[in-house]
Protein chains: 2
Amino acid sequence: MSSAEPESQPHMGEVTSQLSVSLDGYVAAPGQSRQDPLGRGGLRLHEWLFASESWRGRHGLAGGERNVDAELIDEMTAGVGAYVMGRRMFGGGEGAWDLDWTGWWGDDPPWRVPVFVLTHHPRESLMMRGGTEFHFVTDGIEAALARARAAAGDRDVAVAGGGGAVRQYLAAGLLDSLWLHVVPIVLGGGTPLFDGPLDVPLEPVKVVPAPTVTHLRYRVRR
Amino acid sequence: MSSAEPESQPHMGEVTSQLSVSLDGYVAAPGQSRQDPLGRGGLRLHEWLFASESWRGRHGLAGGERNVDAELIDEMTAGVGAYVMGRRMFGGGEGAWDLDWTGWWGDDPPWRVPVFVLTHHPRESLMMRGGTEFHFVTDGIEAALARARAAAGDRDVAVAGGGGAVRQYLAAGLLDSLWLHVVPIVLGGGTPLFDGPLDVPLEPVKVVPAPTVTHLRYRVRR
């Protein structure tokens with residue numbers, strides 16, 4: 001078998017993302033702050049998630065519902081070997097770059113794999129409990145993705161958010177697929193997922209209905 | 001059987017609506033004019049519709065695809081006994097109230113039932129071929145709906161659009177259900193379906209996946 005045969009190529013994971021959006025396309029409500037990271041009323045975007053057993057388990061909480069949402073979360077997180085995360089999602093605003101800040105998620109964050117945080121401020125990596133490592137990348141989205149790919153090996157890389165980071169990867173043609181969890185609320189303002197035209201060919205490839213949210217999966221056509 | 005028994009109550013149709021929206025929530029692209037009623041590039045919102053046999057048949061055109069989209073269009077239009085339509089959808093802008101203007105759809109419009117057009121300008125009704133009647137209502141959305149209900153009898157009333165009219169009926173609590181046809185394009189501007197917060201409890205009740213569009217049905221909870 002020559003090295004040119006496909007079997008000898010290393011399998012490469014996908015670059016995916018998933019976001020909860022309101023019916024009017026916002027990923028966070030108006031008035032975001034470190035006290036209110038999703039804005040006033042923005043937690044309603046994630047109620048479906050908080051109610052699920054999968055999310056609660058990853059956050060060290062008992063209970064929750066074993067439902068179609070929980071199955072989907074398991075499916076989406078199972079294959080992820082590394083995350084890329086925007087500055088605001090890690091830090092919650094411009095003022096969050098004090099070195100005491102270790103993210104929103106306490107000592108034992110739910111990520112459990114390396115997380116590459118996009119930032120303009122160099123900072124030493126943070127090794128957290130449970131396998132989460134925060135690495136700070138100052139040389140752009142492609143560099144962060146390359147490092148995440150290397151860390152993930154043949155597993156997937158997920159762009160964890162926020163909306164700005166997902167939009168940048170999508171616009172740069174670096175995303176393979178995107179799950180949108182469409183929550184039937186109208187926020188009327190806040191952080192939009194899309195903030196201008198975007199010429200990326202998206203194909204709806206899967207739809208998962210649930211009682212309080214509709215999960216839509218799109219693939220970026222090549 | 002006394003007249004108080006439910007069977008003797010006249011059946012009342014639903015008040016429904018359906019709209020094609022981009023992934024970022026626009027029902028028309030920027031640059032709407034009478035020449036370009038859906039704005040520059042806005043026709044992409046309706047490509048799924050134009051390709052379907054049902055739509056083509058109603059517009060007197062042969063051909064088209066007999067697919068899940070066509071079945072859905074038939075399902076949505078079959079029960080409609082009257083339409084309500086916004087001023088801009090009928091007229092295409094502020095300057096369109098000349099009396100020569102009889103709508104976008106030629107002599108034989110696809111509506112085939114009475115259509116109540118919201119306007120500030122009184123005008124005599126237009127009787128078109130094929131059963132379409134345009135009636136012009138100057139005393140508000142509730143009056144237009146009452147007239148449409150009377151015309152529809154026990155059939156449904158559909159708010160045909162545009163986005164502004166649908167939003168008004170939704171905000172006033174007058175809509176029973178809403179189909180959104182989510183087209184995987186990002187327009188980045190134009191006419192948004194929602195232009196502010198809206199506190200209407202919507203429940204996703206049906207999802208119909210299709211290759212180029214995802215049909216989501218919401219019910220307004222009472």
Side-chain angles (χ1 to χ4, degrees), chain A residues 19 21-27 29-31 39-42 44 48 68-69 163 166-167 170-171 175 177-221, chain B residues 19 21-27 29-31 39-42 44 48 68-69 163 166-167 170-171 175 177-221:
Chain A
L19 283 169
V21 291
S22 65
L23 215 47
D24 51 345
Y26 293 98
V27 296
R40 292 180 301 275
R44 293 155 71 208
W48 69 273
V68 64
D69 298 324
V166 175
R167 193 166 58 231
L170 197 55
L175 221 56
S177 72
L178 174 65
W179 275 105
L180 293 183
H181 314 295
V182 181
V183 179
I185 58 175
V186 178
L187 292 172
T191 306
L193 172 54
F194 300 109
D195 63 353
L198 190 64
D199 193 18
V200 173
L202 296 169
E203 181 185 6
V205 289
K206 193 171 180 183
V207 177
V208 178
T212 63
V213 58
T214 309
H215 308 284
L216 309 181
R217 184 166 189 245
Y218 293 96
R219 175 162 290 285
V220 180
R221 283 200 308 267
Chain B
L19 283 167
V21 291
S22 66
L23 214 48
D24 51 344
Y26 292 98
V27 294
R40 291 182 300 276
R44 293 155 71 207
W48 69 273
V68 63
D69 299 325
V166 175
R167 194 167 59 231
L170 196 55
L175 220 57
S177 72
L178 174 66
W179 275 107
L180 294 182
H181 314 294
V182 181
V183 179
I185 58 174
V186 178
L187 291 172
T191 306
L193 172 54
F194 300 110
D195 63 353
L198 190 65
D199 194 17
V200 173
L202 295 168
E203 182 185 4
V205 290
K206 192 170 180 184
V207 178
V208 177
T212 63
V213 58
T214 310
H215 309 283
L216 309 180
R217 184 167 190 245
Y218 292 95
R219 175 161 292 284
V220 180
R221 283 200 308 267

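Every value quoted in this text rests on a predicted model; they were computed, and no experiment measured them.
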Pairs of heavy atoms under 4.5 Å with chain B: top-ranked of [options]:
options	answer
A/L193, A/I185, A/L216, A/L23	A/L23
A/L187, A/V182, A/V186	A/V186
A/V21, A/V207, A/T212	A/V207

Fill in the blank from the handout: Applying a strict 4.5 Å limit to non-hydrogen atoms, the region of A/A29 in contact with chain B is neither

Handout entry: Residue part contacting chain A, namely of B/V213, when any heavy atom lies under 4.5 Å
Key = backbone

Handout entry: B/P30 portion near chain A, given a 4.5 angstrom heavy-atom threshold
Key = neither

Output side-chain donor-acceptor pairs under 3.5 Å for residues 194-206 of chain A, partner residues at least two apart or in another chain, one line each.
from	atom 1	to	atom 2	distance (Å)
A/D195	OD1	A/R167	NE	3.2
A/D195	OD2	A/R167	NH2	3.3

Completion exercise
Interface check, chain A: of B/A210, B/G188, B/S22, B/G41, most non-hydrogen pairs under 4.5 Å belong to B/G188

Fill in the blank from the handout: Interface check, chain A: of B/G189, B/P192, B/P211, most non-hydrogen pairs under 4.5 Å belong to B/P211

Handout entry: Gap separating the OG1 atom of A/T214 from the CG atom of B/L180, nearest 0.5 angstrom
Key = 10.0 Å

